[in-house]
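This report refers to the structure that appears directly beneath it.
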Protein chains: 2
Amino acid sequence: MAQSDTVDRILDAAEELFAERGFSETSLRMITSKAKVNLAAVNYHFGSKNALIHAVFARFLTPFSATLDTAFDELEERCDGQPPTLNQTLWALTESAVRMPQRNEKGISIFMRLLGLAYTQSQGHLRKFLEQEYSEPFGRFMRLLKEATPELSSVDRYWRIQFMLGATAFTMSSSDALIDILENKLGVETTVQEIAARLVPFLAAGMKAPDKMLVPPTASGVSVA
Amino acid sequence: MAQSDTVDRILDAAEELFAERGFSETSLRMITSKAKVNLAAVNYHFGSKNALIHAVFARFLTPFSATLDTAFDELEERCDGQPPTLNQTLWALTESAVRMPQRNEKGISIFMRLLGLAYTQSQGHLRKFLEQEYSEPFGRFMRLLKEATPELSSVDRYWRIQFMLGATAFTMSSSDALIDILENKLGVETTVQEIAARLVPFLAAGMKAPDKMLVPPTASGVSVA
DNA sequence: GTCTGTTTGAAACATACGTTTGAAGGTCTG
DNA sequence: CAGACCTTCAAACGTATGTTTCAAACAGAC
């Protein structure tokens with residue numbers, strides 16, 4: 001039992017520190033001292049720091065992609081034949097994320113922050129790892145999005161998907177800080193689930209927005225259309 | 001003239017490398033060898049690596065915030081009395097960014113990528129520096145957003161602004177990579193200006209989206225609208 | 001031309017990093 | 001009990017980082 005305990009303690013500490021500070025800014029010594037294990041344990045159990053980063057992602061991405069897969073199965077079954085709507089697709093995704101068994105109350109926001117970091121910090125090895133390990137559920141999500149927005153050109157859809165990813169990854173990656181700010185400023189308490197409930201309509205409206213604007217509004221002070 | 005040349009060469013090299021690789025991942029030795037100056041020059045002219053990062057931001061953020069300020073002045077004058085619309089406010093911002101005199105053709109995307117990094121990489125010193133140096137134009141933008149969306153509750157507006165920031169910062173922070181991917185996949189060439197032209201309607205539609213969704217779509221396969 | 005203050009240069013500084021080593025400790029099988 | 005294996009540990013390795021040092025080169029003023 002002892003060896004598995006060390007592995008988990010390292011993963012827990014690494015996950016939290018990576019989410020707080022990023023990958024390059026987190027040293028193995030920080031991780032091992034937070035996890036209360038020997039420095040060499042990381043290289044012994046994982047091989048390298050990069051492999052540890054991969055393991056941190058794999059620990060929640062693997063069960064999550066399984067959950068997501070069955071969620072999409074159910075959704076497509078319910079729609080039999082008909083392609084699921086944009087709202088349904090987005091909800092299937094966020095529900096799967098929110099419903100995932102969490103290690104602790106910060107689980108979901110750590111999860112989101114790590115995903116955001118994975119996209120943002122230009123760590124080549126991570127991008128490669130995620131692409132070849134989780135291309136299937138990602139590709140399925142993209143396919144559903146495409147079928148739910150047949151009115152969009154490929155180029156429009158491409159960019160709008162990036163906008164969605166950005167809004168989601170960014171917001172979720174700093175959800176803790178944003179929730180605190182909101183509470184201090186307006187005295188309102190919020191959960192990650194509520195953020196998701198606000199995010200989905202925002203994203204859906206953005207995806208369904210009228211065409212790309214080619215010219216800025218007229219200078220007369222009245223907006224076009 | 002020689003001293004100023006060194007300073008500029010350092011700033012140019014630092015700007016480009018920071019945008020490419022992030023702050024922690026860029027060493028002073030990379031910067032000085034790209035700039036073809038002595039290693040000690042950075043500490044001589046700027047004092048420290050952090051101060052260099054601040055200088056890189058100040059070099060374009062100071063003229064930009066001035067440009068933005070007059071753009072907002074003109075906008076409010078055109079609207080005399082009436083608060084500017086959401087579209088107008090967003091356009092004033094993106095136009096100011098795009099119209100800034102660029103040092104080279106990559107200027108605007110480097111600018112955007114750095115702004116994205118500033119938000120994403122949790123570099124405490126940078127955040128503090130930006131907040132106390134550029135709080136005024138930022139606050140003015142927020143005020144305009146508030147007046148342009150009177151129908152939103154404070155809480156809704158707060159979250160939707162975060163969603164906008166996220167979509168923008170995230171997309172722009174990897175705009176180069178995203179442009180490359182799009183060209184390889186669909187053979188379409190894009191400019192940052194075009195991305196902005198697609199982003200603004202997406203953001204505006206999201207801000208004006210119908211209310212926060214409290215319940216996921218019904219399981220019957222029909223969305224509750 | 002010489003002097004003064006500023007800028008460059010090569011080298012070293014101390015520190016932190018990821019990784020490796022080899023011995024010590026522990027556990028389970030035979 | 002002995003032996004084989006897995007795990008931990010303290011220490012060291014080599015390398016890279018940001019920063020400092022101090023002498024040399026340079027500028028413009030007198």
Side-chain angles (χ1 to χ4, degrees), chain A residues 1-59 117-118 121-129, chain B residues 1-59 117-118 121-129:
Chain A
M1 261 329 78
Q3 83 289 3
S4 157
D5 192 51
T6 298
V7 169
D8 281 340
R9 285 227 303 281
I10 292 175
L11 285 173
D12 287 340
E15 182 178 88
E16 205 162 325
L17 286 170
F18 286 152
E20 265 173 31
R21 321 173 32 95
F23 305 112
S24 306
E25 294 82 359
T26 302
S27 71
L28 291 184
R29 285 169 176 81
M30 292 179 198
I31 293 170
T32 53
S33 79
K34 177 175 184 122
K36 294 199 176 68
V37 302
N38 189 272
L39 169 62
V42 170
N43 285 282
Y44 175 76
H45 286 287
F46 297 94
S48 70
K49 183 182 179 180
N50 280 354
L52 169 63
I53 297 177
H54 298 172
V56 166
F57 275 86
R59 183 165 65 150
L117 286 180
Q121 314 223 158
S122 48
Q123 303 256 17
H125 67 94
L126 220 194
R127 222 164 166 130
K128 216 166 291 178
F129 169 78
Chain B
M1 261 327 82
Q3 84 287 4
S4 156
D5 192 51
T6 298
V7 168
D8 281 341
R9 285 227 302 282
I10 292 175
L11 284 173
D12 287 340
E15 182 177 88
E16 204 162 325
L17 286 170
F18 285 153
E20 264 173 32
R21 322 172 30 94
F23 305 112
S24 307
E25 294 82 359
T26 301
S27 72
L28 291 184
R29 284 167 176 82
M30 292 178 197
I31 294 171
T32 53
S33 79
K34 177 177 184 120
K36 294 197 176 69
V37 302
N38 189 272
L39 169 62
V42 170
N43 285 281
Y44 174 76
H45 286 288
F46 297 95
S48 69
K49 183 182 178 179
N50 281 353
L52 169 63
I53 296 177
H54 297 173
V56 166
F57 275 88
R59 183 166 65 151
L117 286 180
Q121 311 222 160
S122 47
Q123 303 255 18
H125 68 95
L126 220 193
R127 217 159 170 137
K128 216 167 290 178
F129 168 78

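Throughout, protein chains are lettered first and strands after them, A, B, ... in sequence-line order, and every chain is numbered starting at 1.
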side-chain N/O B:Thr6 vs C:dT7 OP1/OP2, d < 4.0 Å: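 So the side chain of B:Thr6 is outside the cut-off, no N or O lying under 4.0 Å from OP1 or OP2 of C:dT7.
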Distance below 4.0 Å between B:His45 side-chain N/O and C:dT6 OP1 or OP2: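 No.
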For B:Ile10 against B:Ile31, the heavy-atom pair lying closest together: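 Looking at all heavy atoms of both residues, the shortest contact is O-CG2, 4.0 Å.
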Distance-minimising heavy-atom pair for B:Phe57 and B:Leu126: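 In this case the closest contact between B:Phe57 and B:Leu126 is CE1-CD1, 3.7 Å.
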Check: B:Arg21 side chain, B:Thr26 main-chain N or O, donor-acceptor pair, under 3.5 Å: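 Checked: no pair found.
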What's the [atom1]-[atom2] distance between [X] and [N], to the nearest Å?
X: B:Ile10; N: C:dT8; atom1: CD1; atom2: C1'; value: 11 Å
X: B:Asn43; N: D:dC22; atom1: CG; atom2: P; value: 16 Å
X: B:Phe23; N: D:dG18; atom1: CZ; atom2: P; value: 14 Å
X: A:Ile31; N: C:dT19; atom1: CD1; atom2: P; value: 11 Å
X: B:Glu25; N: D:dG18; atom1: CD; atom2: P; value: 11 Å
X: A:Arg21; N: C:dA16; atom1: CZ; atom2: C1'; value: 13 Å
X: B:Phe46; N: C:dT8; atom1: CZ; atom2: C1'; value: 15 Å

Parallel, tilted or perpendicular: rings of B:His54 and B:His125 (30°, 60°):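 Tilted.
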Contact nearer the 5' end of DNA chain C, comparing A:Gly47 with B:Lys36: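 Residue closer to the 5' terminus by nearest nucleotide: B:Lys36.
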Contact check, side chains of B:Arg59 and B:Asp12, non-hydrogen atoms, under 4.5 Å: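 Answer yes - side chains close enough.
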Sub-4.0 Å heavy-atom contacts from residues 50-58 of chain B onto DNA chain D, ordered by number: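 Result for residues 50-58 of chain B: none.
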Quick test: give all pairs of protein nitrogen or oxygen and nucleotides 11-17 of chain D nitrogen or oxygen below 3.5 Å, distance rounded to 0.1 Å.
{"residue": "D:dT17", "atom": "OP1", "partner": "B:Ser27", "partner atom": "OG", "Å": "3.2"}

Partner residues of B:Ala40 under the side chain to side chain contact (heavy atoms under 4.5 Å, CB included) criterion, sequence neighbours left out: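 Only B:Asn38 meet the side chain to side chain contact (heavy atoms under 4.5 Å, CB included) criterion with B:Ala40.
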By salt bridge (charged side-chain N to carboxylate O under 4.0 Å, His left out) - contacts of A:Lys128 (at least two apart):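 Once residues adjacent in sequence are excluded, A:Lys128 has no partner under the salt bridge (charged side-chain N to carboxylate O under 4.0 Å, His left out) criterion.
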For A:Phe46, ring pair (Phe, Tyr, Trp, His ring centres under 6.0 Å) partners two or more places apart: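 Partners of A:Phe46 under the ring pair (Phe, Tyr, Trp, His ring centres under 6.0 Å) test: none.
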Pairs meeting criterion salt bridge (Lys or Arg N to Asp or Glu O under 4.0 Å) with involvement of residues 30-48 of chain B, two or more places apart: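 Passing the test, one end in residues 30-48 of chain B: B:Glu16-B:Lys34.
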